Protein chains: 2
Amino acid sequence: MEKHIPDIVIHRLPIYLRALELMARAGHDITSSQELGQRLGISSAQIRKDLSHFGEFGKQGTGYDVDFLRQQLRQILHVDRVWDMALVGAGDLGRALAHYKGFENRGFRIAAIFDVDPRKVGKPLAGIPVEHTSRIPELLPARGIRIGIIAVPAEAAQSVADLLIEGRVQALLNYAPIRLSVPDEVLVEYIDPVIALQSMTYYLGARQGSGQNRSQAEPAGHSR
Amino acid sequence: MEKHIPDIVIHRLPIYLRALELMARAGHDITSSQELGQRLGISSAQIRKDLSHFGEFGKQGTGYDVDFLRQQLRQILHVDRVWDMALVGAGDLGRALAHYKGFENRGFRIAAIFDVDPRKVGKPLAGIPVEHTSRIPELLPARGIRIGIIAVPAEAAQSVADLLIEGRVQALLNYAPIRLSVPDEVLVEYIDPVIALQSMTYYLGARQGSGQNRSQAEPAGHSR
DNA sequence: CGTGAATTTGTACTTTATGTTACAATCGCC
DNA sequence: GGCGATTGTAACATAAAGTACAAATTCACG
């Protein structure tokens, strides 16, 4: 319980937590690694082994107390508090994120919004004032914001990342389809729907289409 | 080149492709596994081995022709065509996805949009008419749509998935924070920003905060 | 209240999957 | 025509997942 814990294990914990929250809300008091695994498509042994990195949370013959395990996981993942985040980009995606209800109750809150567009600066979005991007380095440290969300076009993403890092941010969630170059100590997670889609079309392509597919050949040239 | 190819390899290919598209746009004609790896934070040997599953695309002493490798990867991933997708949910997220320019040129297009809200049905979104969700099973097969995007609240996600599958969809991109239960032959990819964030706060929590963090204790009770 | 069957955990051990190292073969270039 | 660069891959090393089981617990039943 004090050694290095594999990153892949860390990435599964939020999935367990999400399932537990769901069970708790459904009034489910007790569960087992088997039940959890069934719901998640993960082997029960995997779940037990993952959890065993952090302690012994279950009871033999019974399983896990949903509420207790939930609290433990929230502690382990440090979401037993609320993390303020800075959102950069008040376009369509930024707006969707600003209005997203899913952050509440899962440990996060958008506490500041930035955009370069002067028409957007000043007007509040989801009740939060939109500031100019250039003020990131100045405003973030004062507000103790340690997480940044990048929701700007790919061309602007790296410079936004640089500003956020100047503002002492330690974790980035990047929606732009580009790899960011950041100091070693800064964490980055990437969300790119096209990457996810393309790894599915690899498998789809081999299969039978249901109708007249391949509607359009992709033109050779590129623009973006 | 005919054996089973690990899923994890498939998931890296789109990342290679994305980098190559970027290079191509930058007028970069030739690259090497080393250069690619440097940009992506992946070892050069990893890249060479991944590619070797599909053939020999490089030239010793020189490296890879950016344009050629790009075309090869697009073929392998079957994004040398355009895939029509059905988007379900015309809320904030659905709107952002409908307007997203990043699908173009990467092999995808939103060809149909659905929502349950009668106020949204009828009005076009990003030039695409919004239909009622109940019409999914009827409309998709006729249009040869094989990919669905779920952008509805968690409560509705499973029933939307069921409708899409009834409409013969073979791949789902699910933005709802819930695991879907689907037949074996249907592919699913998940996007949940909170999962990504929580795996970062695991590491962040151990570190020094930059100011007065832990602004608010999460209340014990839950609602959502 | 005692007992045995049924569960279920945590973990040691085994197997499988993934990644790294190292290098012969090849190529372009000066 | 020799030299530096770079590929593709075999051999090795590391990481992750699955198997199996002793130990603990519950519960039904007499």
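So you know, we letter chains A, B, ... as the sequences are listed, proteins then strands, and number each from 1. Every value quoted in this text rests on a predicted model; they were computed, and no experiment measured them.
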Checking side chain to side chain contact (heavy atoms under 4.5 Å, CB included) for the pair A/Phe54/A/Ile5: CA distance, chi angles, key distance, verdict? CA-CA 9 Å; A/Phe54 303 94; A/Ile5 289 150; 3.4 Å; yes

Pair B/Ile195-A/Ile15, side chain to side chain contact (heavy atoms under 4.5 Å, CB included): steps then yes or no: CA-CA 7 Å; B/Ile195 297 282; A/Ile15 297 174; 4.0 Å; yes

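From A/Ile76, atom CD1 reaches atom CG of A/Leu17 across 9.5 Å, with rounding to the nearest 0.5 Å.
For D/dT7, one of the phosphate oxygens OP1 or OP2 lies less than 4.0 angstrom from a side-chain nitrogen or oxygen of B/Ser33. Of the side-chain N and O atoms in B/Tyr64, none sit less than 4.0 angstrom from OP1 or OP2 of D/dA5.
If you measure from atom NE2 of B/His11 to atom P of C/dA17, you get 17 Å, rounded to the nearest angstrom. The distance between atom CG of A/Asp65 and atom C1' of C/dT9, rounded to the nearest whole Å, is 15 Å. Atom CD1 in B/Ile47 sits roughly 16 Å away from atom C1' in C/dT21 (whole-Å rounding). A/Leu36 places its CG atom 13 Å from the C1' atom of C/dT9, with the value rounded to the nearest Å. Atom CG in A/Leu69 sits about 14 Å away from atom C1' in C/dT8, given to the nearest Å. A straight line from CD of B/Gln34 to C1' of D/dA5 spans 9 Å, rounded to a whole angstrom.
Panel note: side chain A/His78, backbone A/Asp80; no donor-acceptor pair is recorded below 3.5 Å. Judged by distance alone, with hydrogens and angles left aside, the side-chain atoms of A/Tyr190 form a donor-acceptor pair with the main-chain N or O of A/Leu180 at under 3.5 Å.
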How does each nucleotide of nucleotides 15-30 of chain D score, in 5' to 3' order, for protein heavy atoms under 4.0 Å: base (B), sugar-phosphate only (S), or none (-)? -SBBBB--BBBS----

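Side-chain contact between A/Ile110 and A/Tyr100 is absent, with no heavy-atom pair separated by less than 4.5 Å. B/Gln198 is listed as a side-chain neighbour of A/Arg106, based on a closest heavy-atom distance under 4.5 Å.
Using modelled atom types, one finds a donor on one side chain and an acceptor on the other under 3.5 Å when comparing A/Gln158 with A/Asp162.
An angle of 20°, rounded to 10°, separates the two end axes of the helix from C/dC1-D/dG30 to C/dC30-D/dG1, each defined over five pairs.
Counting non-hydrogen atoms under 4.0 angstrom, B/Ser44 reaches nothing in the nucleic acid.
Enclosure of atom CD in B/Gln46 by more than 12 non-hydrogen atoms of other residues, nucleotides or ligands within 6.0 angstrom is indicated.
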